[in-house]
Amino acid sequence: MGLFSLFKKTDTPPPLTDDEQARLAANSELERQHQQARQREIARATAMKIDAIESAMEADIFNLPEPAWGSQRPVRPAPAASAGDDDLGDFPTTLLLSDELPLAAADDNAPAVEEIAILYANGQAAVAQQMLLAAVADNSRPNSDRSAWWMLFDLYQVSGQHDAFDNLSIDYASTFETSPPPWQAPAVLAAASPGWAGLTPTAALSGMLDRNIAPQVERLRQQADASPVLRLELGRVTAVDGDGCALLLAELRQLQAGQRELILVGAPALTALLRAGIAVGRRDGGEAPWLLLLELLQLQNSEKEFEHAAMDYCVTFEVSPPSFVAPHKVAMAPAQHLNASPDRFMLPPVIEHQLGALLPAIRQYAEQYPALVFDCSRLTRIDYPSAIQLHGVLQALADAAPGRKIALRDVNHLVTALLRLLGFASLARIYPHKY
């Protein structure tokens with residue numbers, strides 16, 4: 001036997017058993033999941049760092065007028081009309097895109113965006129999604145156009161693709177070094193009357209939340225009997241006292257007990273205000289602010305925050321903590337900065353095959369209000385022929401009353417692209433929902 005034969009390779013090791021192969025595959029999958037989790041944590045950390053900067057800039061951003069599609073951020077507007085103006089005055093606007101549009105790239109991407117908008121409008125969501133994925137890949141530079149990103153975020157939310165939304169959020173945060181939009185199921189999924197459209201009575205609370213809100217609360221109670229959907233704006237409340245908290249608390253509880261569908265606007269702002277005015281162990285002000293805080297957390301479906309606040313309430317007032325109950329038919333909407341909050345006309349989730357019964361309802365709304373505000377928060381899609389017909393209706397309403405203000409608010413970015421393509425911007429102010 002030669003010397004090197006002592007070191008020759010031994011026989012080939014036996015193949016892995018089925019159990020060993022399964023364990024190896026499981027370990028690989030576990031490692032992949034851990035890597036994804038680490039990526040998400042990095043993205044969230046990046047977003048949190050930038051949130052502080054964005055918060056400081058928010059007040060200025062929200063007072064800039066909405067830019068044209070793909071244009072530069074406009075200069076500061078002239079001072080807004082006085083608070084006493086009727087209806088919407090000159091439409092003091094809100095920039096509902098939290099990330100400013102690019103300076104030049106949008107024009108190059110416009111044809112693709114328009115084609116995608118038409119495909120989606122005509123029910124070809126799968127094809128639109130593939131084209132959006134390609135457009136996002138082509139716009140993956142920090143200064144590139146974000147319209148395709150926003151459209152893809154909306155498509156994922158409308159179609160319930162939560163995992164795909166999360167993965168896109170990671171890419172968005174790393175590409176643009178800014179916060180990705182939060183996942184939020186569209187309002188239609190939480191709606192009691194998903195096909196309903198019509199006038200949405202609105203109660204807007206502002207300033208001091210005290211006993212003087214009683215007439216507004218009573219009006220809201222009366223409207224609850226006539227409309228399946230109510231809108232309550234809370235973002236302008238600047239201070240609270242026990243009497244006002246008790247009145248609002250009683251009304252919110254009654255609406256929930258009556259299973260009324262409720263759209264809450266600016267609820268996080270009032271929640272933060274209530275938190276700032278209470279402290280563990282301090283009973284001044286009574287229980288009403290605490291109970292209103294718990295009610296708002298419950299309506300926002302914030303179970304963990306509710307449980308922490310409930311324990312603080314329990315310790316402070318030496319009572320048993322209340323139990324969390326999931327909200328019934330409540331949708332959230334971001335606060336919007338208008339001089340007034342007229343009743344809005346809510347559009348249905350899908351408009352297709354012409355306007356049908358929607359047409360006389362819109363005309364009746366126009367007879368009652370000089371300024372028209374269409375709530376598009378539940379509108380996920382409008383097909384091309386219906387959009388053409390709606391344009392004609394709005395054109396006729398504008399011609400019949402020169403100077404009439406028309407606004408389309410909380411529009412998803414897929415619908416926004418179609419409306420801009422069809423020239424709606426010459427008739428109305430279009431406010432995409434905030435990202």
Mind running side-chain contact (heavy atoms from CB on, under 4.5 Å) on S169 and F153 for me, showing each step along the way?
CA-CA 8 Å; S169 296; F153 275 126; 3.6 Å; yes
Please examine the side chains of Q300 and T271, heavy atoms only from C-beta on, and report whether any two atoms are closer than 4.5 Å.
yes
Check for a donor-acceptor pair, side chain of Q216 on one end and backbone N or O of A204 on the other, with a separation under 3.5 Å.
yes
Starting from the C-alpha separation in whole Å, work towards a yes-or-no answer on side-chain contact (heavy atoms from CB on, under 4.5 Å) for L408 and R429.
CA-CA 6 Å; L408 296 142; R429 300 303 301 267; over 6 Å; no
Rounded to the nearest 0.5 Å, the NE2 atom of H308 sits from the CD atom of E303 at a distance of 10.5 Å
Pairwise distance CG(L209) to CG(L274) - rounded to 0.5 angstrom
8.0 Å
Output the distance between atom SG (C376) and atom CG (L419), rounded to the nearest 0.5 Å.
7.5 Å
Quick one, L422 with Y384, criterion side-chain contact (heavy atoms from CB on, under 4.5 Å). Give me CA distance, side-chain angles, the key distance, then yes/no.
CA-CA 9 Å; L422 296 180; Y384 196 90; 3.5 Å; yes
For residues Y313 and L291, determine if any side-chain heavy atom of one lies less than 4.5 Å from a side-chain heavy atom of the other.
yes
Please give me the minimum heavy-atom distance between L397 and I362, naming the atom from each residue.
CD1-CG2, 4.1 Å
Would R146 count as a cation-pi partner of F176, with NZ or CZ less than 6.0 Å from the six-membered ring centre and within 45° of the ring normal?
yes
May I have all residue pairs that pass side chain to side chain donor-acceptor pair (under 3.5 Å) and include part of residues 119-131, sequence neighbours excluded?
Q129-Q161
Test L292 against every option in L297, L248, V240 by the side chain to side chain contact (heavy atoms under 4.5 Å, CB included) rule and name the one that passes.
L248
Got a donor-acceptor contact below 3.5 angstrom from the E233 side chain to the V265 backbone?
no
Can you sort out the partners of D375 under side chain to side chain donor-acceptor pair (under 3.5 Å), two or more places apart, ordered by chain and number?
R231, S377
Should we count CZ of R211 as having more than 12 external heavy atoms under 6.0 Å?
no
Would you please indicate yes or no on a ring centroid separation below 6.0 angstrom for Y369 and F345?
no
Closest non-hydrogen contact found for G286 with F317 is O-CZ, 3.6 Å
Okay, side chain of Y365, backbone of V373: is any donor-acceptor separation there less than 3.5 Å?
yes
Where is the tightest heavy-atom contact between N301 and P327, given as atom of each residue plus distance?
OD1-CD, 3.5 Å
Under a 4.5 Å cut-off applied to non-hydrogen side-chain atoms, are L294 and F324 in contact?
no
Only one of L390, L414, L347 passes side chain to side chain contact (heavy atoms under 4.5 Å, CB included) with I382, and that residue is L390
So does P349 get a backbone contact from the side chain of T380, meaning a donor-acceptor N/O pair under 3.5 Å?
yes
Test your reading of the model: is there a side-chain donor-acceptor pair from S174 to the backbone of D171, 3.5 Å cut-off?
yes
Nearest atoms (heavy-atom pairs only) where H391 meets G423
NE2-O, 3.5 Å
Are more than 12 heavy atoms, taken from residues, nucleotides or ligands other than H162, located less than 6.0 Å from that residue's NE2 atom?
yes
Strictly distance-based, threshold 3.5 Å: is any side-chain N or O of R378 a donor or acceptor partner for the main-chain N or O of P348?
no
With a 4.5 Å limit on heavy-atom distance, are the side chains of L296 and L234 in contact?
yes
Closest approach of A279 to T316 (non-hydrogen atoms, all atoms of both residues)
O-OG1, 4.1 Å
Is any side-chain heavy atom of F374 less than 4.5 Å from a side-chain heavy atom of R344?
no
Quick one: do the D383 and S386 side chains pair a donor with an acceptor below 3.5 Å?
yes
Please report the closest heavy-atom contact between R282 and W290, naming both atoms and the distance.
O-NE1, 4.1 Å
P181 versus F165: any side-chain heavy-atom pair under 4.5 Å?
yes
Salt bridge check: are E218 and R221 linked by an N-O gap of less than 4.0 Å?
yes
Would you mind reporting whether Y431 and D410 have side-chain heavy atoms less than 4.5 Å apart?
no
Contact between N412 and L379 at the side-chain level, heavy atoms closer than 4.5 Å - yes or no?
no
